[in-house]
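Scroll down for the structure; my scribbles are underneath it.
Quick note: residue numbers are just sequence positions, from 1.
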Amino acid sequence: FSEAKYLNLTTDPKFESVAREVCKSTIAEDAHSQGEVVACLEKGLVKEAEETDPRIQVSDQCKKAILRVAELSSDDFHLDRHLYFACRDDRERFCENTQAGEGRVYKCLFNHKFEESMSEKVGICFSRQVSSECQGEMLDYRRMLMEDFSLSPEIILSCRGEIEHHCSGLHRKGRTLHCLMKVVRGEKGNVGLNCQQALQTLIQETDPGADYRIDRALNEACESVIQTACKHIRSGDPMILSCLMEHLYTEKMVEDCEHRLLELQYFISRDWKLDTVLYRKCQGDASRLCHTHGWNETSELMPPGAVFSCLYRHAYRTEEQGRRLSRECRAEVQRILHQRAMDVKLDPALQDKCMIDLGKWCSEKTETGQELECLQDHLDDLVSECRDIVGNLTELESEDIQIEALLMRACEPIIQTFCHEVADNQIDSGDLMECLIQNKHQKEMNEKCAIGVTHFQLVQMKDFRFSYKFKMACKEDVLKLCPNIKKKVDVVICLSTTVRNDTLQDAKEHRVSLKCRKQLRVEELEMTEDIRLEPELYEACKSDIKNYCQNVPYGNAQIIECLKEIKKQLSTRCHQKVFKLQETEMMDPELDYTLMRVCKQMIKRFCPEADSKNMLQCLKQNKNSEVMDPKCKQMITKRQITQNTDYRLNPVLRKACKADIPKFCQNILNRAKDDTELEGQVISCLKLKYADQRLSPDCEDQIRVIIQESALDYRLDPQLQMHCSEEISSLCAEEAAAQEQTGQVEECLKVNLLKIKTEMCKKEVLNMLKESKADIFVDPVLHTACALDIKHHCAAIPPGRGRQMSCLMEALEDKRVRLQPECKKRLNDRIEMWSYAAKVAPAEGFSDLAMQVMTSPSKNYILSVITVGICVLFLIGLMCGRITKRVTRELKDR
């Protein structure tokens, strides 16, 4: 058929019947009209295949001949007479040095189709605009190539083995080509490099990205989706493919369309020239920023993917960094990035560099979006090239999380309700993800969105660059203060330590900039919400979580709270880490996620002006308010219990008693091991010195508050709770079970002092009695009973140092004073208790002895005896003095 150009096709027996019937209008005396006839015959063949009940039946012999002509003309530009005469001038202009054959001239013209100097006739012929005869010719020609692989010699030559092995028997309607595409994507086996290149070349020639109708298999598979999801877009428009990608993995998408679409997009994503809209919108930007004078020419120095990589790097530059993309081009780059993020295989660089790691770490992750998440989870284990690619993509996501299209779909309700303002911004800059994190526990939040947001938070911990706002606010500070530190958690610790040291040392100028300190605070607060965001703590406590908190959800700091509640049962390493965490939270209560969440409204009510460091102190002062929320009150009590277990967890006490603790309790500190809790021993030591009135004023004030609080709630006294647990459960079970603790358990233990057998418990109760002598305020039952009498008889006497207690004792003995019956009864009970205490616990010093005498029921008798004894000693002294003086005089007279 090499002499086809000299034949008259209308008289050739192979074509005559069809030509006379279908192509009457194209037959002319012109010798070149046979090109029109061939084009007409090809159209007739396509039409017959498309129609369910074709009007013209083309014989098999005719079909074979037509396809042979098409095959030859696709190989040699000269044999396609219709195209040859339309394009011969442009061929001389653009493709003068291109040798005819193997479709090279056609490829050259196709690559130049958007050049301004391309003639109008060819421009029309190669453009995307529907309505011209040439467009119809080219559309039919490209459609035939996509439908029948046998029209492409390169496919037959390069893919023969793959077709026989994987795709035999699928000749019609482009199924063979899509089968090969599926193999190339790695879904059915392996394919040779030559075959893969031949397929890429065919997609470039047919350019189905410009008009989806060229790909019949895709067109038929996606017809229902296009009619419902993309009906607003004109048929044949390049944006149809983009619309289909936007509805990938949605309810409107059907499975067959999904497969055909991804098979085609795999090849389109590997050649930027196949995305018509991107080319038109970004041609100027590519020339200006990426030094490409013409995208149509690629070389080893400028591979196809390099241009798009250059564009997306410039797409996210700030105005200060300069040289940004135009708005239209930036939108197109973002569109492609959003679509590629749906499937790892649509990112050529990622798949190429990470193929080994995908097989090693992510072979079981087959669901949508799981492969990239898997690579991010194993970031530290990836080979360097793959790690760089995944790292750059994650860094890009941190700036524009909308690239994560699947996450955006899952989070749509929460975005519409809480984050619509930042979602509408053309420039994201990390605001949308920050908003999602802040609203992660809203009732509108669904499970998929919450899991996606948490996963991104966990990925961010691997590198501070993955937190865009943190990176932009602190990059200079990190380079200066924390060089060579990469992990975000380590950077946060480094910077926060620097800030704390500068604050404690009252530095004139902070080393960490103000904008960094503000963002650092945001990062610190976010990390408190989930134990997995604090890797060191999480690793130390993994086994304990499995043993004790297995069914507790990770969010809302619930795991951390679980570990705090069972702290005594934890392994040593985990216990130490939890203690350090509590120490940090007590120094800065705003980092206590659970406290801030439970008491959010109460903080607004009672502590709107309070500094974050004094938040817990403010809540404690308002704990017994009538309008205090019960849940918040319960949480405050929990934190008070924690503080009283170790003075290091009470920053205010630690500061007030920094001189008293080493002075009076050094032996306890010496006995304690490193990183172990003191179980309230230091505070108990300070309580005893308070009773002896030996503390400094500031320390005395703080201990008084602790004694008053623990007198109302036995749980605030760790030593009492530890040593008297059996007695409380056996003697005071009813009082301990009360919902509101008002000192009844302590009163019960005092009343049952004689029944207590355990020496350590008895000692603790005796210490309570001793403390109550020093200040009536630390004995809430007695203070409540005698409140009126104190007001009437002791109002002028200042509290503390046992003064008001002595006043009440004197009033009790004064027969002229009438005390309230309840007060009188309670005072007599206390006198009996103190009397017993004096017997079983002798005075340890002169002050203790004096206090016991003053509060004894036999005070007058004891004082009388002491007075008589002193008088007798005085008289004896006088008499002895007279005698010795007389003896001395007699000796002198001798």
Side-chain angles (χ1 to χ4, degrees), residues 316-321 391-392 394-404 418-419 421-423 425-441 453-504 507 509-530 532-537 557 581 584-585 587-593 596-597 600 611-613 615:
Y316 291 93
R317 289 197 169 189
T318 61
E319 291 182 6
E320 292 79 9
Q321 291 173 315
N392 291 337
T394 308
E395 190 174 356
L396 200 62
E397 286 179 349
S398 73
E399 181 179 358
D400 182 9
I401 194 60
Q402 294 187 60
I403 290 174
E404 279 278 9
F418 298 100
C419 309
E421 292 183 1
V422 293
N425 292 342
Q426 284 194 345
I427 302 174
D428 184 352
S429 301
D431 294 322
L432 182 54
M433 177 50 73
E434 189 172 280
C435 177
L436 287 172
I437 291 171
Q438 291 169 355
N439 292 282
K440 192 165 72 169
H441 297 289
V453 173
T454 300
H455 175 265
F456 196 79
Q457 286 182 279
L458 294 173
V459 171
Q460 284 182 324
M461 302 311 296
K462 297 177 183 290
D463 194 320
F464 83 97
R465 296 180 299 120
F466 298 163
S467 298
Y468 179 76
K469 298 190 80 171
F470 184 46
K471 177 186 72 175
M472 297 308 293
C474 296
K475 58 183 178 182
E476 293 176 2
D477 302 270
V478 172
L479 289 172
K480 181 174 65 176
L481 302 168
C482 312
N484 304 320
I485 297 179
K486 183 179 179 182
K487 289 190 175 181
K488 179 181 173 182
V489 64
D490 296 331
V491 172
V492 170
I493 291 171
C494 171
L495 293 175
S496 59
T497 302
T498 306
V499 171
R500 185 172 69 246
N501 291 341
D502 287 349
T503 304
L504 293 174
E509 186 175 344
H510 275 276
R511 286 175 287 173
V512 180
S513 64
L514 179 60
K515 66 177 182 179
C516 181
R517 293 202 303 271
K518 288 181 178 179
Q519 190 59 36
L520 179 64
R521 190 64 179 171
V522 173
E523 302 299 332
E524 287 177 326
L525 294 175
E526 287 180 1
M527 286 168 61
T528 63
E529 182 267 334
D530 193 319
R532 293 171 296 180
L533 300 179
E534 300 193 48
E536 285 191 10
L537 175 63
L581 173 68
T584 302
E585 290 177 348
M587 290 177 66
D588 190 352
E590 196 175 19
L591 298 178
D592 188 338
Y593 184 89
M596 293 295 104
R597 178 177 60 83
K600 185 177 181 180
D611 181 71
S612 62
K613 304 288 191 292
M615 202 72 74

Residues two or more places apart in sequence or in another chain: which of them pass salt bridge (charged side-chain N to carboxylate O under 4.0 Å, His left out) with [X]?
X    : result
D490 : none
E523 : K488
K613 : D588
E434 : K469

Straight-line distance of [X] [atom1] to [Y] [atom2], nearest 0.5 Å:
X    : Y    : atom1 : atom2 : value
M527 : S496 : CE    : OG    : 8.0 Å
L591 : M615 : CG    : CE    : 10.5 Å
F456 : E404 : CZ    : CD    : 7.5 Å

* Closest approach of T528 to A557 (non-hydrogen atoms, all atoms of both residues) -> O-CB, 3.6 Å
* Structure fact -> Closest heavy-atom pair, M596 versus P589, reported as atoms and distance to 0.1 Å, is CE-O, 3.5 Å
So, using side-chain hydrogen bond (donor to acceptor under 3.5 Å, both in side chains) as the criterion, who are the partners of [X] when residues are at least two apart?
X    : value
R597 : none
K471 : E395
T394 : Q376
E590 : R521

List in chain and number order the residues that pass side chain to side chain contact (heavy atoms under 4.5 Å, CB included) with [X], two or more places apart in sequence or in another chain; answer none if no residue qualifies.
X    : answer
K518 : L514
T498 : L481, D502, R511, V512
D530 : T454, R532, L533, Y554
E585 : K564, L581, D592

